[in-house]
Structures are given as C-alpha cells and as structure tokens.
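The chain is numbered in sequence order, starting from 1.
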Amino acid sequence: MKLKDTVLLSLAAALVVVGTHLTITVGISLSYPVFMLAVAMLFWYRYRKNEQLIQDEELKAKGKPKKKK
C-alpha cells in the first residue's frame, strides 16, 4: 500500500468520525457533505487499488518481475 492510499483511507475514516459527531450535535443536514466526501474518498481508494491490481496482473502476464518499493 502506497502512502497516498494510506492517506486516502485514513482521511475517509476520519471524515466518518467527524460526520458522526456532526450528526449527533447539529443534525444530518449539515453532516451530509462530510459523509459524501468520505464516500468519495473510499471510492477513489478502491479505484486506485483496482488499477494497481490490473497493472500487477499485466506485468505478471508479460513475465516481468514485480518491482518492490
């Protein structure tokens, strides 16, 4: 997992916590954008993870060894 992936997943989790707090304190109408941003970050994280899996499979099919970072 790369640093950007870790940051995306951590921010999404933090936004869920912040959204939950906002829901309890001020209501769902003001916390809705926070939850939507968290969901968008989760989708972006999943997209990046799928793209990396596809690249790994293509490299494996060509017979090239995977780079280690």
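- Between Leu37 atom CG and Trp44 atom CH2 the span is 10.5 Å, to the nearest 0.5 Å.
- Using a 4.5 Å heavy-atom cutoff, the side chains of Arg46 and Lys49 are in contact.
- Here the CG-OH distance, from Leu11 to Tyr45, works out to 13.0 Å after rounding to the nearest 0.5 Å.
- Taking CG of Leu30 as the reference point, atom OG1 of Thr23 lies at 9.5 Å (rounded to 0.5 Å).
- For the atom pair CD of Gln52 and CG of Asp5, the computed distance is 8.0 Å after rounding to the nearest 0.5 Å.
- Using a 4.5 Å cut-off between side-chain heavy atoms of Ile, Leu, Val, Met, Phe, Trp and Tyr, with links allowed through other members, Leu3 and Leu8 fall into the same hydrophobic cluster.
- Of all non-hydrogen atoms in Val16 and Ala38, the two that sit nearest each other are CG2-CB, 3.9 Å.
- In this structure, Leu15 and Met41 approach most closely via the heavy-atom pair CD1-SD, 4.0 Å.
- The two residues Ser31 and Gly19 come nearest to each other via the heavy atoms CB-O, 3.5 Å.
- Cluster annotation: Val26 is not connected to Tyr32 through the hydrophobic network of ILVMFWY side chains, with a link wherever side-chain heavy atoms come within less than 4.5 Å.
- No path of Ile, Leu, Val, Met, Phe, Trp and Tyr side chains, each step under 4.5 Å between heavy atoms, connects Leu59 with Ile54, placing them in separate hydrophobic clusters.
- The distance from atom CZ of Arg48 to atom CD of Glu51, rounded to the nearest 0.5 Å, is 10.0 Å.
- Taken together through direct or relayed side-chain contacts under 4.5 Å among Ile, Leu, Val, Met, Phe, Trp and Tyr, Val18 and Val7 form part of one hydrophobic cluster.
- In this structure, CD1 in Ile28 is found 8.5 Å from OG1 in Thr20, a value given to the nearest 0.5 Å.
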